[in-house]
Amino acid sequence: MPVSVKDVRQLGNAAFRRGEYEVAVRHYTVAIAELPDDNDDDLAALHVNRSAAHFRLQQHDASRANACAALAVKPLNHKALHRLSEANAALGRHAEAIAGLSIGAAYHAKLFDFFSDLARKHGAWRI
């Protein structure tokens, strides 16, 4: 019986919750490969999830690449902006981290405090 993309994504989410980040990356990779071309929302979400798993594995370049892939299909995705900023900060790219957080604060009014607090944590004196 074939497994759906949704099922594989849920397997990845369960692995992530258990702290099995390598397993989660594998599930998200399979789900991305099997996803229909016209599903940008799910594609962005899967890349964000894979970015988070890579980040937990301290694979910051891969985390950054996945956040960028999510932003390529959903340019203002707040979770992707957050993941990109986390990865940039871990890579020592603090100015880029602050820039991403500033974009998040500017375009997501409900999350302004979240993004601006993180930006201050990375050295921004104001947003």
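For this chain, numbers begin at 1 and follow the sequence in order.
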Candidate pair Asn49 and Arg9, rule side chain to side chain contact (heavy atoms under 4.5 Å, CB included), full reasoning: CA-CA 9 Å; Asn49 290 357; Arg9 179 180 178 179; 3.9 Å; yes
Derivation of the side chain to side chain contact (heavy atoms under 4.5 Å, CB included) call for Val23 and Arg26: CA-CA 5 Å; Val23 173; Arg26 287 195 299 270; 3.3 Å; yes
From CA spacing to verdict: salt bridge (Lys or Arg N to Asp or Glu O under 4.0 Å), Arg120, Asp117: CA-CA 5 Å; Arg120 277 191 220 94; Asp117 289 347; 2.9 Å; yes
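Counting only heavy atoms from C-beta outward, the side chains of His108 and Phe114 never approach each other to under 4.5 Å. The shortest distance between side-chain heavy atoms of Lys110 and His78 does not fall below 4.5 Å. Between Phe16 and His27 the shortest side-chain heavy-atom distance does not fall below 4.5 Å. No side-chain heavy atom of Arg50 sits under 4.5 Å from any side-chain heavy atom of Leu46. Between Arg64 and Leu91, the closest side-chain pair of non-hydrogen atoms falls below 4.5 Å.
A donor atom on one side chain and an acceptor atom on the other are not found under 3.5 Å apart for Ser63 and Arg83.
Separating the NE2 atom in His82 from the OG atom in Ser51 is a distance of 10.0 Å, to the nearest 0.5 Å. Rounded to the nearest 0.5 angstrom, His47 NE2 and Leu35 CG are separated by 9.0 Å. The distance from the NE2 atom of His54 to the CD atom of Glu22 is 10.0 Å, given to the nearest 0.5 Å. Taking CG from Asn66 and CG from Leu84, the interatomic distance works out to 11.0 Å, rounded to the nearest 0.5 Å. From Leu81, atom CG reaches atom CG of Leu118 across 11.5 Å, with rounding to the nearest 0.5 Å.
No continuous path of ILVMFWY side-chain contacts below 4.5 Å connects Val48 to Tyr21, so the two sit in separate hydrophobic clusters. In this structure, Leu57 is a member of the same hydrophobic cluster as Ile32, with clusters built from ILVMFWY side-chain heavy atoms closer than 4.5 Å. Taken together through direct or relayed side-chain contacts under 4.5 Å among Ile, Leu, Val, Met, Phe, Trp and Tyr, Ile103 and Leu101 form part of one hydrophobic cluster. No path of Ile, Leu, Val, Met, Phe, Trp and Tyr side chains, each step under 4.5 Å between heavy atoms, connects Val73 with Leu76, placing them in separate hydrophobic clusters.
Closest heavy-atom contact between Ala97 and Ala89: CB-N, 3.9 Å. Shown here for Gly12 and Ala24, the closest heavy-atom pair between the two residues is O-CB, 3.4 Å. Smallest separation of non-hydrogen atoms from Val25 and Ala53: CG2-CB, 3.6 Å.
For Lys74, the side-chain contact (heavy atoms from CB on, under 4.5 Å) partners at least two apart in sequence or on another chain are Asp40, Asp41, Ala44, Asn77.
Within a 6.0 Å radius of CD in Gln10, other residues, nucleotides and ligands contribute more than 12 heavy atoms.
Panel note: side chain Tyr28, backbone Asn13; a donor-acceptor pair is recorded below 3.5 Å.
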